[in-house]
Amino acid sequence: MSDFFIQSDISEIVTRIQNISQDLSGKTVLLTGARGFLGRYFIEIFKQLNNQNLVLPVHVIALDNLITSGKFSEKIIDDSNIEFIQHDVTEKFSCNKKIDYVIHAAGIASPEYYQKYPFETLDVAINGTKNMLQLAKENNSKFTFFSSSEIYGNPDSQNIPTKEEYWGNVSSLGPRACYDESKRVGETLCYVFNQQFGVNVNIVRPFNFYGPGMQEKDFRVLPNFASRIKANKPLKVYGRGDQTRTFCYITDALTGLFQVILRGVPNEVYNIGNPEPEISVIHLAEMISKIIDSKTSHDVINYPDNYPSNEPTRRCPNIEKIKNDLDYQPQVKLEDGLKRFFSWTDLNYIGKK
């Protein structure tokens, strides 16, 4: 078991994408956010594809400025076909290789960090996206932008589960706006580059991806709970605890991402997540206690200063489009995913919260 992931999860993803992975054979991929939560998985999947699956290796140019990578900032990537470059994508990037795919996964997604770095959050989603789209234009690359389910804001009940066509209910002001609104602008840039320059783009909107490799100081709900459990402390439930979420385990998340990157219908937007079950945070805390056979209690508290209080009350995806277009189907039930995640955190978290 690695500090980053569970090896069987990587193998599961590679198996699930084996019928499309040869699209990468002999190609060059530019990956931004390469040392983030999702970026590290991409690297490990590319490594295994090169070792076991591809006729010709995929060459990967992996970029990250390491601003939020924490203990995962190590740059050791033992594959001669994967080149790491410490680079801030808000600055222009030049490359002498023909790039076939641009995977723009760079961004600051944790509320703790985007409150700490609001300008940087805006910058990477706007200027970073513009720079990467320009690179895709110059190389005639297929471009995938990692947006967020947060662009939907707080949908009314008639728009839950939420379809891609929903316009959103988002404030341009407040502690979350630097993230929400910059992702919306990033999507607009994708639209403009497609319409004006013909860039082949896809936009993905992730819904609550989780799994091994999440930093203990990520400050989102599952790492928070895991750290408290490791420290033998009561779980902290913010607000009233009746806000609901759906959760998508990392193997389902990466399978869906690769399907869009390699076979997404040009210029379409895709929700990626698991719509079942939609669960309240209090119910989630109770489920976790049962799963790990713990008598851990939970306290309902006010939102702390480092976590914005105006979060959506519900978040649940409609995934009919990706099902119909790409035959995507989540396979990991929440209970199973939580077991995998908390087994990993028990070995890798230290429990400081």
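Sequential numbering from 1 along the given sequence is applied to the chain's residues. Owing to the predicted nature of the structure, the values given are computational and were not obtained by experimental measurement.
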Are [X] and [Y] linked by a side-chain donor-acceptor pair shorter than 3.5 Å?
X      : Y      : value
Asp9   : Tyr249 : yes
Ser280 : Gln243 : no
His104 : Thr129 : yes
Tyr101 : Asn139 : no
Ser147 : Glu187 : yes
Glu12  : Gln7   : no
Asp79  : Asn50  : yes
Asn267 : Asn194 : yes

Inspect the contact between [Y] and [X] and indicate whether a charged nitrogen and a carboxylate oxygen are less than 4.0 angstrom apart.
X      : Y      : answer
Glu164 : Arg205 : no
Arg340 : Asp336 : yes
Lys142 : Asp100 : no
Glu278 : Arg315 : no
Arg263 : Asp325 : no

task = Assign the ring pair Tyr349 / Phe341 to parallel, tilted or perpendicular, where the plane angle (0 to 90°) is split at 30° and 60°.
result = perpendicular
ask   = Would Phe42 and Phe258 count as a close aromatic pair, with their ring centres under 6.0 Å?
value =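 Ring-ring flag for Phe42/Phe258: true, centres closer than 6.0 Å.
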request  = Please collect all ring pair (Phe, Tyr, Trp, His ring centres under 6.0 Å) contacts where either partner lies in residues 168-190, sequence neighbours excluded, each pair once.
outcome  = Tyr114-Tyr179
request  = Flag yes if more than 12 heavy atoms outside Gln195 fall under 6.0 Å of its CD atom; otherwise flag no.
outcome  =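 Count over threshold, so yes.
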Aromatic Phe197 / basic Lys137 pairing, under 6.0 angstrom, 45° off normal =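 Flagged: Lys137 positioned over aromatic ring of Phe197.
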inquiry  = Within the 4.5 Å heavy-atom criterion, are Asn169 and Tyr152 side-chain neighbours or not?
reply    =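 Of all side-chain heavy-atom pairs linking Tyr152 with Asn169, none is under 4.5 Å.
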request  = Find out if a path of hydrophobic residues (ILVMFWY) with successive side-chain heavy-atom gaps under 4.5 Å connects Val204 to Val199.
outcome  =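 No, separate clusters.
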